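Take a look at the structure below.
Treat the numbers as computed from the prediction; the structure is a model and nothing was measured.
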Amino acid sequence: PSAPRCSLPSSASAGSVIVVNGTYGDGENIAYRGTASSPVWIMGYDTSNKPTITTPWSFNGSYIIADSLKFQVNTRDSVGLDGDHLMLRNSDMANPYGAANGANYYTAGSFTVFYKNVVSQAGNWQHSGADIDRQGIKVTSGTSDLWILDSQFYHCQSDGVQVGDQNNAPSAINRVYIARNVAYENLQFGFWTKNATDVIFSENTIYNQNRSTASGPGGGVGGQYDPRYVWFLANTIHSSNAGIHVASSSDGGGGPWYAIGNVIRNISAGGSCNAYNAGGISYRNEGGMTVLFNTLHDMDFFVGFPPSAGSVIVRNNVFSAKKG
């Protein structure tokens with residue numbers, strides 16, 4: 001501590017512990033190679049006063065644990081999680097850049113854990129002009145075995161987390177588990193999936209998603225295009241324009257979709273009964289939707305399946321207190 005380095009080492013042996021303090025302004029491409037029994041640690045010296053990192057980092061190595069860091073940047077792209085067996089935990093991110101599509105975090109690696117982090121800004125969540133997407137996390141092509149857990153996402157100029165996009169094949173992203181997170185006051189949805197395979201949204205809490213713009217209706221969780229095997233399990237969604245919303249397909253190769261055991265309440269889009277965008281649970285995709293054991297209370301309408309919807313099963317749900 002009495003004679004600190006001015007930069008991160010260019011290489012680090014397995015089991016190394018690298019401590020960061022103060023304000024750090026160098027961009028880093030971190031390619032350290034730890035092992036399962038001896039990961040490389042990069043951590044804040046004082047967890048109650050986390051080091052401030054002001055330039056983008058990219059994690060391209062293996063078996064790295066980054067703990068108690070604070071990213072404060074103003075750039076189009078921020079932190080890349082591109083290696084394998086990575087964990088980022090107990091860290092914060094704010095990035096007010098909002099002039100072009102981008103994200104605070106990108107994932108393209110395998111076996112990545114994003115745990116107990118706070119994403120408090122990605123662009124301008126009150127933006128009302130052109131459709132510019134600034135996600136908290138963008139899950140990109142090449143990602144597999146990703147866990148996003150126990151984290152917070154708010155004031156993002158799009159979704160808290162978006163999995164995939166229209167351009168990648170569903171097979172390019174595999175096994176994404178998004179669970180026990182909190183999302184609120186984002187421009188579009190708390191959590192959303194586009195093309196991917198095996199995506200699970202479980203036990204998340206989403207609320208105050210109630211900005212309806214050209215970017216979307218504003219709501220809890222959902223998806224569009226052609227993801228394969230998507231599950232919405234035991235989420236709590238309230239005080240938003242929409243609950244669970246599945247928009248249109250692209251090539252018709254997606255599904256099936258499942259909504260099981262969710263609690264959805266106080267959902268209103270100004271009295272709208274537009275089954276294409278509003279309601280507690282709405283679906284207009286392909287591949288089939290199964291809706292079981294959900295509780296829906298106090299909303300404009302409970303479930304909506306317009307003529308374009310594929311096969312739908314709705315059983316053993318509780319509906320109460322329709323608004324209006």
Residues [X] and [Y] bridged, charged N to O under 4.0 Å:
X    : Y    : value
D298 : R265 : no
R228 : D198 : no
D145 : R175 : yes
K323 : D300 : no

Does any donor atom in the side chain of [X] or [Y] lie under 3.5 Å from an acceptor atom in the other side chain?
X    : Y    : result
N210 : E185 : no
T107 : T143 : yes
N235 : N262 : yes
R33  : S62  : yes
S320 : H297 : yes
S249 : E286 : yes
S110 : D84  : no

Would you name the heavy atoms of [X] and [Y] that are closest together and state the gap between them?
X    : Y    : result
R211 : S128 : NH2-CB, 4.3 Å
S78  : N95  : OG-ND2, 2.7 Å
A242 : F189 : CB-CZ, 4.5 Å
R134 : T75  : NH2-O, 3.4 Å
D26  : W57  : O-NE1, 3.2 Å
S68  : S91  : N-OG, 3.4 Å

Could you check if a side-chain atom of [X] sits within less than 4.5 angstrom of a side-chain atom of [Y], using non-hydrogen atoms only?
X    : Y    : value
N104 : V79  : no
R315 : V291 : no
V118 : Y154 : yes
T295 : I264 : no
N181 : I148 : yes
F319 : V303 : yes
K194 : Q162 : yes
V199 : T197 : no

Is there a path of hydrophobic side-chain contacts, each under 4.5 Å between heavy atoms of I, L, V, M, F, W or Y residues, that connects [X] with [Y]?
X    : Y    : result
Y115 : I65  : yes
I178 : L149 : no
L292 : V263 : no
V119 : V182 : no
I200 : V163 : no

Is a side-chain donor or acceptor of [X] paired with a backbone partner of [Y] at a separation under 3.5 angstrom?
X    : Y    : result
Y32  : P9   : yes
R76  : A100 : no
S16  : A14  : no
N167 : D165 : no
N241 : P217 : yes
N294 : N317 : no
S38  : T35  : no
T55  : G25  : yes
Q157 : N124 : yes

To the nearest 0.5 Å, how far apart are [atom1] in [X] and [atom2] in [Y]?
X    : Y    : atom1 : atom2 : value
D251 : D226 : CG    : CG    : 5.0 Å
S58  : D82  : OG    : CG    : 4.5 Å
I206 : I237 : CD1   : CD1   : 4.5 Å
L8   : I42  : CG    : CD1   : 5.5 Å
T112 : L81  : OG1   : CG    : 6.0 Å
D159 : Q188 : CG    : CD    : 5.0 Å

Which of these, F59, Y105, Y106, sits in a ring pair (Phe, Tyr, Trp, His ring centres under 6.0 Å) with F114?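 Of F59, Y105, Y106, ring pair (Phe, Tyr, Trp, His ring centres under 6.0 Å) with F114 is met by Y105 alone.
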
Heavy-atom neighbours of Y258 OH exceed 12 at 6.0 Å: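 For Y258, atom OH is crowded (more than 12 foreign heavy atoms under 6.0 Å).
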
More than 12 heavy atoms of other residues, nucleotides or ligands under 6.0 Å from NZ of K70: yes or no?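 No.
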
Give the C-alpha distance, both sets of side-chain angles, the deciding distance and a yes or no for side chain to side chain contact (heavy atoms under 4.5 Å, CB included) between D92 and N117. CA-CA 6 Å; D92 303 333; N117 299 299; over 6 Å; no

Reference residue F201; test side chain to side chain contact (heavy atoms under 4.5 Å, CB included); the match among F191, Y177, W192, W231: F191

List the steps, then state whether side chain to side chain contact (heavy atoms under 4.5 Å, CB included) holds for I18 with W41. CA-CA 6 Å; I18 300 166; W41 290 75; over 6 Å; no

Please evaluate residues F305 and R284 with respect to the criterion side chain to side chain contact (heavy atoms under 4.5 Å, CB included), reporting the C-alpha separation (whole Å), side-chain torsions for both, the decisive distance (0.1 Å), and the verdict. CA-CA 6 Å; F305 308 112; R284 54 184 175 97; over 6 Å; no

Evaluate the criterion side chain to side chain contact (heavy atoms under 4.5 Å, CB included) for residue pair N186 and S158; output intermediate values, then yes/no. CA-CA 6 Å; N186 299 294; S158 178; over 6 Å; no

Determine the interplanar angle of the F111 and H85 rings, folded into 0 to 90°, and report it as parallel if under 30°, tilted if 30 to 60°, perpendicular if over 60°.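 Parallel, since the angle between the ring planes stays under 30°.
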
